[in-house]
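What follows is a set of notes on a single structure, which appears directly below.
Just so you know, ligand 1 is whichever comes first in the structure, and atom 1 is the first atom listed for that ligand. We number each residue from 1, following the sequence as shown.
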Amino acid sequence: MTGTRAGAVADGTGSGERAPLLSVENLTVRYRLGRGLTGRARTRTAVRDVSFTIPGGRTLGLVGESGSGKSSIGRAILRLAPVSEGRVLFDGADTAGFGRRTPLSFNRDVQVVFQDPMSSLNPRQTVETTIGQALTRHRALSARDRDREVTHALDRVGLASYHADRYPHELSGGQRQRVAIARALAPRPRLIVCDEPVSALDVSTQSQVINLLMELQRELGVSYLFIAHDLEVVRHMSDEIGVLHLGRLVESGPAEQVYRTPAHAYTRTLLAATLVADPVRQAVRTAHRRALGATTPAPGATPGTSPRIGDPA
Ligand code: ADP
Ligand code: MG
């Protein structure tokens with residue numbers, strides 16, 4: 001991990017080593033692309049030699065522009081992308097050892113929230129059905145307990161009980177993401193992979209959802225791998241930040257350190273590309289941009305219209 005100041009996410013408790021909940025060790029993700037004209041099997045390496053750990057109850061923010069391999073890392077942890085080299089250990093167990101049949105405990109312990117709840121939620125199911133199914137997938141519940149728990153799950157993510165009867169299209173983007181979070185929390189997971197969960201939301205809704213995730217972490221002790229293309233977004237909720245560039249982790253360390261004193265030129269570019277309200281910080285970024293020879297408009301010049309690194313096309 002060239003340019004990485006801290007190889008692993010620190011324990012942070014000051015009370016010695018705690019075994020990490022998740023350990024990603026020298027992960028390489030390679031996709032098969034089928035055969036080319038020469039008949040040789042082709043591959044694409046999306047992630048190269050990436051290592052990090054996440055202790056229980058902590059958040060690792062993973063940032064990088066579109067195509068840098070963020071989702072591939074999330075998917076490899078969820079066993080949806082190949083672990084071509086290296087290892088993924090959850091609670092000390094190598095997930096490669098699971099073979100084809102993923103243990104029920106892993107399916108319960110590791111959940112995911114995707115960027116676009118409109119496509120991750122079933123459009124023909126009410127909120128009650130969606131959350132109810134997630135609740136009963138791993139636990140036997142009477143109809144009455146199930147209803148009670150659905151109401152409780154909605155309340156926990158800041159939705160009213162009447163939202164239970166709504167369909168996804170009847171909700172706002174932020175409300176849909178709250179439903180997706182409630183569904184992810186229903187099996188009482190220990191880790192949630194959040195793959196750009198706020199990227200499709202407007203800025204004020206983004207901060208509400210981030211605050212909600214932080215509250216839920218304090219309350220429930222769940223860990224997050226929080227993926228975003230915007231360093232500003234992960235900064236507030238992450239204990240540690242890893243910066244991914246072309247499939248490699250180019251920098252990692254405590255969140256404030258990476259944000260305030262980025263060691264890697266790519267991290268400075270990511271920072272410079274973010275719109276900020278703070279004029280002092282903006283001046284610092286403008287200087288960084290000049291130093292890097294950036295050609296995009298200065299942040300804040302035309303709010304909302306400046307291209308940002310990693311913005312989905
Ligand atoms: P990010 O989430 O940071 O945008 P991804 O992990 O989605 O990045 O993609 C990383 C690289 O891997 C990209 O070049 C992408 O085109 C490629 N890729 C992603 N998924 C697949 C796949 N299933 N098959 C082949 N290539 C893929
Ligand atoms: Mg992605």
- Query: For G64, is the nearest heavy atom under 4.0 Å from an atom of ligand 1?
  - Reply: no

- Message: I'd like to know if E65 contacts ligand 1, where contact means a heavy-atom distance under 4.0 Å to any ligand atom.
- Response: yes

Checking the side chain of [X] only, and the main-chain atoms of [Y] only, is there a donor and an acceptor separated by less than 3.5 Å?
X    : Y    : value
Q111 : P189 : no
T43  : R32  : no
S84  : R30  : yes
Q177 : Q115 : yes

- Hey, is D145 close enough to R148 for a salt bridge, meaning N to O under 4.0 Å? yes

- Below 4.0 angstrom, N of the basic side chain to O of the carboxylate: do R48 and E85 qualify? no

- Query: Should the proximity of L33 to ligand 1, defined as any heavy atom under 4.0 Å, be assigned to the side chain, the backbone, both, or neither?
  - Reply: side chain

- Query: For ligand 1, which part of H229 has a heavy atom less than 4.0 Å away: the side chain, the backbone, both, or neither?
  - Reply: neither

- Report the C-alpha separation of N26 and T28 in whole Å, then their side-chain angles, then the decisive distance to 0.1 Å, and conclude whether the side-chain hydrogen bond (donor to acceptor under 3.5 Å, both in side chains) test is met. CA-CA 6 Å; N26 309 104; T28 292; over 6 Å; no

What is the nearest protein non-hydrogen atom to [atom], stated with its residue, atom name and distance?
atom                    : value
atom 14 (O) of ligand 1 : R44 CD, 3.6 Å
atom 12 (O) of ligand 1 : A46 CB, 3.2 Å
atom 18 (N) of ligand 1 : Y31 CE1, 3.5 Å
atom 1 (P) of ligand 1  : G67 N, 3.5 Å
atom 9 (O) of ligand 1  : S72 OG, 3.9 Å

- Do R108 and R190 come within less than 4.5 Å of each other through their side chains, counting heavy atoms only? no

- Message: Could you tell me if the side chain of Q206 sits less than 4.5 Å from the side chain of E232, heavy atoms only?
- Response: no

- Message: So if I count the atoms of ligand 1 from 1 in the order they appear, which ones are less than 4.0 Å from some heavy atom of S71?
- Response: 1 (P), 2 (O), 6 (O), 7 (O)

- Message: Out of all atoms in ligand 1, which are within 4.0 Å of some heavy atom of G69? Include the element for each.
- Response: 1 (P), 3 (O), 5 (P), 6 (O), 8 (O), 10 (C)

- Task: Just the protein N/O/S atoms under 2.8 Å from the Mg ion (ligand 2), please, no waters.
- Result: S71 OG

- Message: Can you classify the ring geometry of Y266 versus H264 as parallel (below 30°), tilted (30 to 60°) or perpendicular (above 60°)?
- Response: perpendicular

- Query: Is there a path from F106 to L22 through hydrophobic residues (I, L, V, M, F, W, Y) whose side chains come within less than 4.5 Å of each other?
  - Reply: yes

